[in-house]
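Below you'll find the structure, written out as structure tokens, and then a few comments.
Given the structure is predicted, the values throughout are model-derived calculations rather than measurements. For ligands, and for the atoms within them, numbers begin at 1 and follow the listed sequence.
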Amino acid sequence: MKKINCAIIGQGGAGGINYPQRRRDGLIKAVSVGYGILMQNGSSLDVVEKAVEILENTTVFNAGTGSALNLKGEAEMDASIMTNKLGFGAVAAIKNVKNPIKVARLVMEKTDHLLLCAEGAIKFARSMGIKYYNTKTKEKERVWKRKRKNLKSAYFKKLNKLIDLYETVSIVAIDKNGLICVGISTGGITLRLPGRIGDTPIIGTGIYADKNGVVSATGHGEEIMRHMIAFRAVSLMVRYPAQTAGKKVIDYATKNGCKCGLIGIDKKGRILCANNTKSMSWCYIKNGKMELFKY
Ligand code: GLY
């Protein structure tokens, strides 16, 4: 059997990069811990869960602790996980859990469903022993108050203008057995309507995986959903290496007004990292060598 080289890539959001050093530190930690597990013959599923948890616990990112707040000032979060063997689990509009990615994995492994949302997702998490945890931070409350001041009328037009930071976190990894896994998590868009669900937990849009490869998208969720961005990129991996497939989808996205970034890995372990936004924070390790976004 052909030897498979392990690899891991993570991203911490597209759009403007505020606090770049904090983002670098968080990504380096998540990707290094994940690569360490891969080197000890760990499964990419465990790697992805652990590395996404690290990003969710790093408050600069918009996921887990430090998630963006909705119009009511609540932190409703979306997350999902998928493997190249079509395993999938997701939670949407879930509140008061520390690590939504953990609950998404539990949905995949402990239920016959793919996606649980809102109260149902919270009840399921509690039944699995996941305790109450408040993910709001003072930093994100300040952002919420500042942005809310500008939203006195014409809500939707103004909301669109306020969507300047396209933020999710995600990790993609391939292990020695060729299992490729992707995990993604977000607090969504600041000041969104309560109950709004973005692309992150919707299969084919912000996340997709099949035997040819695995992709996650970050960016403006509504547009990513409209254009099935992750599914498009994975479909092209039948014919093209990961980066070529991703670039083709980014060109398509640009032509159709969809601002997004993509990370992924194809079945040969080749990496995808591309975006059409102002910037994207990312980090990967392949063949023991780390590459990191510049700012
Ligand atoms: N891409 C994340 C969101 O729009 O919720």
Between the side chains of [X] and [Y], is a donor N or O closer than 3.5 angstrom to an acceptor N or O?
X    : Y    : value
S235 : Y208 : no
N41  : N177 : no
Q11  : T168 : yes

Next item on the list: If you have a sec, work out which protein heavy atom is nearest atom 5 (O) of ligand 1 and how many Å separate them, to one decimal?
Entry: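 Closest protein heavy atom to atom 5 (O) of ligand 1: R196 NH1, 2.7 Å.
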Item checked: Which residue and heavy atom of the protein sit nearest atom 2 (C) of ligand 1, plus the separation ->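 For this ligand atom, the closest protein heavy atom is D199 OD1, 3.3 Å.
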Notebook entry, point to check: Charged N to carboxylate O under 4.0 angstrom, R226 versus E223?
Noted result: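 Salt bridge present between R226 and E223.
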Item checked: Atom indices of ligand 1, in the order listed, that fall short of 4.0 Å to a heavy atom of T168 ->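 This gives 1 (N), 2 (C) as the contact atoms.
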Next item on the list: List every atom of ligand 1 that sits less than 4.0 Å from any heavy atom of G219, numbering the atoms from 1 in the order shown and giving each element.
Entry: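 So the answer, numbered in order with elements, is 1 (N), 2 (C), 4 (O).
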Next item on the list: First locate atom CD1 of I122, then atom CD1 of I130, and finally report the distance between them rounded to the nearest 0.5 Å.
Entry: 12.0 Å
Margin query: Polar contacts were defined as any N/O atom of the residue lying under 3.5 Å from an N/O atom of the ligand; does this apply to G188 and ligand 1?
Written below: no
Next item on the list: Mind checking whether D78 contacts ligand 1 via backbone (N, CA, C, O), side chain (CB onward), both or neither, at a 4.0 Å heavy-atom cut-off?
Entry: neither
